Amino acid sequence: MRYVMVSCAGSERPGVLEGDSVLLLVATDLREVIASGPVFSGERIPYSPDLLGPPLRRFRRDILCTGWNYWDHFEESKGKREGQDVERPLHPTFFTKGPDVVIGPYDDIAWDPAISSKWDYEAEVALVIGKTGRDIPVHEALDYVWGYTLANDVSQRDLQRAHGGQWLKGKSIDNTMPLGPWIVTADELGDPQDVQLQCLVNGEVRQDASTRQMAFDVATLISELSFGMTLRPGDLLLTGTPAGIGNAREPAVFLQDGDVVVTRSDKLGELRNRVVAV
């Protein structure tokens, strides 16, 4: 199934996309559905992309993220990390983003040159945890995934480098991370290591990779992250971005007012967001 959040009668409602219709649910948001299962209201509305909001907006913690999870991306940035280069990590690299970054699949990215002069794109597959777990074995890890969606981890590279090597600040600017367009349930998606991922800027393909190229697969990410740390239903985990980021290009190319960023996948749909000065 494909779960969505839609605008309906002045409020946001969760639903299931079925052809040209959305079957509305009784719950107020998808966190309730993840925790307790879907209860259908009996209401059906016509589907339109204009109705879609981010499938998740309220979180019980920061958004969980993975860095350097495609080796080609790790290698492309060598010498371009402003003195913060490291050796290839032996374990996944995790960080977080503040929850107010989230915007919908077709919303504007809030671009402010006073905050940063180095706005960059990062197309990513994200997953949603479906049940509570701690110290999860790799061979059981995918059983804890409720579904998958797309995100673009729009980053401010100068802020990212300016705070002692900690990425939180340069990853947490309000209204900058598109999410959606829906959450595809784990059973419908199938193998998370068989997803094609692309990012286009103004029609030019900047990133193009398969999740088979991940340094650490999805099951390993979940297992490592849950080591000594409880994961709970509704937690969102971004799984990393492939090569092609603007900061690693020669010369570097950063997002500007008016740019259109498309994040798309063969199995997860498409985000389309314009960069707009605020």
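This structure is a prediction, so every number in the text was calculated from the model and none was measured.
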Show which residues join L30 in its hydrophobic cluster (side-chain heavy-atom contacts under 4.5 Å, direct or indirect), or state none.
M1, Y3, M5, V16, L23, L25, V33, I34, F40, L56, F59, I63, V101, V102, V128, W146, M177, L179, I183, L236, L238
Ignoring hydrogens and angles, tell me if any N or O in the side chain of T241 forms a donor-acceptor pair with the backbone of A123 under 3.5 Å.
yes
Sequence neighbours left out, what passes ring-ring contact (aromatic ring centres under 6.0 Å, His included) with Y47? Give chain and number order.
none
Keeping the roles fixed (side chain from S77, backbone from A248), state whether a donor-acceptor pair exists under 3.5 Å.
no
Under 3.5 Å: donor-acceptor pair, side chain of D112, backbone of A114:
yes
W182, L150: one ILVMFWY side-chain cluster at the under-4.5 Å cut-off?
yes
Apply side-chain contact (heavy atoms from CB on, under 4.5 Å) to S210 and list each qualifying residue two or more places apart in sequence or on a separate chain.
Q196, R212, Q213
To the nearest 0.5 Å, how far apart are SG in C199 and CD in E204?
10.0 Å
Residue list, side-chain contact (heavy atoms from CB on, under 4.5 Å) with S117, at least two apart or on another chain
D158
Could you check whether any side-chain heavy atom of T66 comes within less than 4.5 Å of a side-chain heavy atom of T93, counting everything from C-beta outward?
no
Do I222 and V184 belong together in a cluster built from hydrophobic side chains that touch within less than 4.5 Å?
yes
T220 side-chain N/O to V218 backbone N/O, donor-acceptor pair under 3.5 Å:
no
What closest approach, in Å, do F95 and G67 show between heavy atoms, and which atom pair accounts for it?
CE2-N, 3.6 Å
Can you see which heavy atom on P181 is nearest to which on P105, and at what distance?
CA-CB, 3.7 Å
Evaluate the side-chain proximity of Y106 to L271: yes if any heavy-atom separation is below 4.5 Å, no if none is.
no
Evaluate I173 against I115 for side chain to side chain contact (heavy atoms under 4.5 Å, CB included), listing each step before the verdict.
CA-CA 9 Å; I173 301 304; I115 291 176; 3.9 Å; yes
For Q160 and K118: C-alpha separation, side-chain torsions, deciding distance, then whether side chain to side chain contact (heavy atoms under 4.5 Å, CB included) applies.
CA-CA 10 Å; Q160 187 179 346; K118 296 182 177 181; over 6 Å; no
Go through the steps for Q198 and T263 under the test side-chain hydrogen bond (donor to acceptor under 3.5 Å, both in side chains), then give the verdict.
CA-CA 6 Å; Q198 289 187 323; T263 309; over 6 Å; no
Within a strict 4.5 Å, meaning less than it, do heavy atoms of the Y148 and L268 side chains meet?
yes
Using a 3.5 Å distance criterion without hydrogens, assess whether the side chain of D100 forms a donor-acceptor pair with backbone atoms of D174.
no
Backbone N/O of A219 and side chain of S223: donor-acceptor pair under 3.5 Å
no
Heavy-atom count around E140 CD within 6.0 Å, excluding the residue itself: above 12?
yes
Check this for me, if you would: do R249 and E76 make a salt bridge, where the nitrogen-to-carboxylate-oxygen distance has to be below 4.0 angstrom?
no
So, taking the atom named NZ in K171 and the one named OG1 in T96, what distance separates them when rounded to the nearest 0.5 Å?
11.5 Å
Could E122 and R157 be called an ion pair, given the rule that one side-chain N must be under 4.0 Å from one carboxylate O?
yes
Are C8 and R13 close enough, and set up right, to give a side chain to side chain contact (heavy atoms under 4.5 Å, CB included), and what steps lead you there?
CA-CA 6 Å; C8 178; R13 296 277 302 276; 4.1 Å; yes
Residues sharing V205's hydrophobic cluster, by side-chain heavy-atom contacts under 4.5 Å among ILVMFWY, directly or via others?
L200, V260, V262
I'd like to know if the side chain of T149 reaches the main chain of A126, judged simply by a donor and an acceptor atom lying under 3.5 Å from each other, with no hydrogens or angles considered.
no
Are W111 and V201 linked, directly or through other ILVMFWY residues, by side chains that come within less than 4.5 angstrom of each other?
yes
Residues E75 and R88 bridged, charged N to O under 4.0 Å:
yes
So, S172 versus K97: side-chain donor-acceptor pair below 3.5 Å or not?
no
What is the distance from atom CZ of R44 to atom OG of S21, rounded to the nearest 0.5 Å?
4.5 Å
Just verifying a value: how many Å separate R58 CZ and R60 CZ, rounded to the nearest 0.5 Å?
13.0 Å
Does the side chain of L225 come within less than 4.5 Å of L64's, by heavy atoms?
yes
Which value, rounded to the nearest 0.5 Å, describes the distance between E124 atom CD and Q207 atom CD?
8.5 Å
Give a yes or no on whether D135 atom CG has more than 12 heavy-atom contacts from other residues, nucleotides or ligands under 6.0 Å away.
yes
Nearest 0.5 Å, please: how far is CG in N175 from CG in D108?
10.0 Å
For the residue pair W68 and W167, categorise the inter-ring angle as parallel (less than 30°), tilted (30 to 60°) or perpendicular (more than 60°).
perpendicular
Shared hydrophobic cluster, I129 / M229 (ILVMFWY, side-chain heavy atoms < 4.5 Å):
yes
Distance-only side-chain donor-acceptor flag, D259 / N202, under 3.5 Å
yes
Using side-chain heavy atoms (C-beta onward) and a distance below 4.5 Å, is T239 in contact with T211?
no
State whether R61 and D235 are salt-bridged, where the test is any N-O pair (Lys NZ or Arg NE/NH1/NH2 against Asp/Glu carboxylate O) under 4.0 Å.
yes
Could you check whether K78 pairs with D85 (Lys NZ or Arg NE/NH1/NH2 to Asp/Glu carboxylate O, under 4.0 Å)?
no
Do P178 and D107 make a side-chain contact, defined as non-hydrogen atoms from C-beta onward lying under 4.5 Å apart?
no
Shortest non-hydrogen separation from I103 to T176 and the atoms involved:
CG2-N, 4.2 Å
Is a donor from one side chain sitting under 3.5 angstrom from an acceptor on the other, for Q193 and D217?
no
Check residues 250-258 and write down every donor-acceptor pair under 3.5 Å in which the side-chain atom is one partner and the other belongs to a residue at least two apart or another chain.
residue : atom : partner : partner atom : Å
E250    : OE2  : K80     : NZ           : 3.2
D257    : OD1  : A277    : N            : 3.0

With a 4.5 Å heavy-atom cut-off, do L142 and P192 have their side chains touching?
yes
What are the two closest heavy atoms between V195 and D191, and how far apart are they?
CG2-O, 4.1 Å
Testing the basics here: between P89 and F216, what is the closest heavy-atom pair and its distance to 0.1 Å?
O-CZ, 3.8 Å
Any heavy-atom pair between the side chains of R57 and D29 that's under 4.5 Å?
no
Just by distance, do the side chain of N273 and the backbone of G104 share a donor-acceptor pair under 3.5 Å?
yes
Between L221 and N69 the two heavy atoms that sit nearest each other are CD1-ND2, 3.7 Å
Given side chain to side chain contact (heavy atoms under 4.5 Å, CB included), test E32 with V26 step by step and report yes or no.
CA-CA 10 Å; E32 295 179 31; V26 172; over 6 Å; no
Under the criterion salt bridge (Lys or Arg N to Asp or Glu O under 4.0 Å), I'd like the reasoning laid out for K267 against E188: C-alpha separation, chi angles, the key distance, then a yes or no.
CA-CA 9 Å; K267 297 181 178 179; E188 179 169 325; over 6 Å; no
Please check if L127 and M214 belong to a single hydrophobic cluster, counting links between Ile, Leu, Val, Met, Phe, Trp and Tyr side chain heavy atoms closer than 4.5 Å.
yes
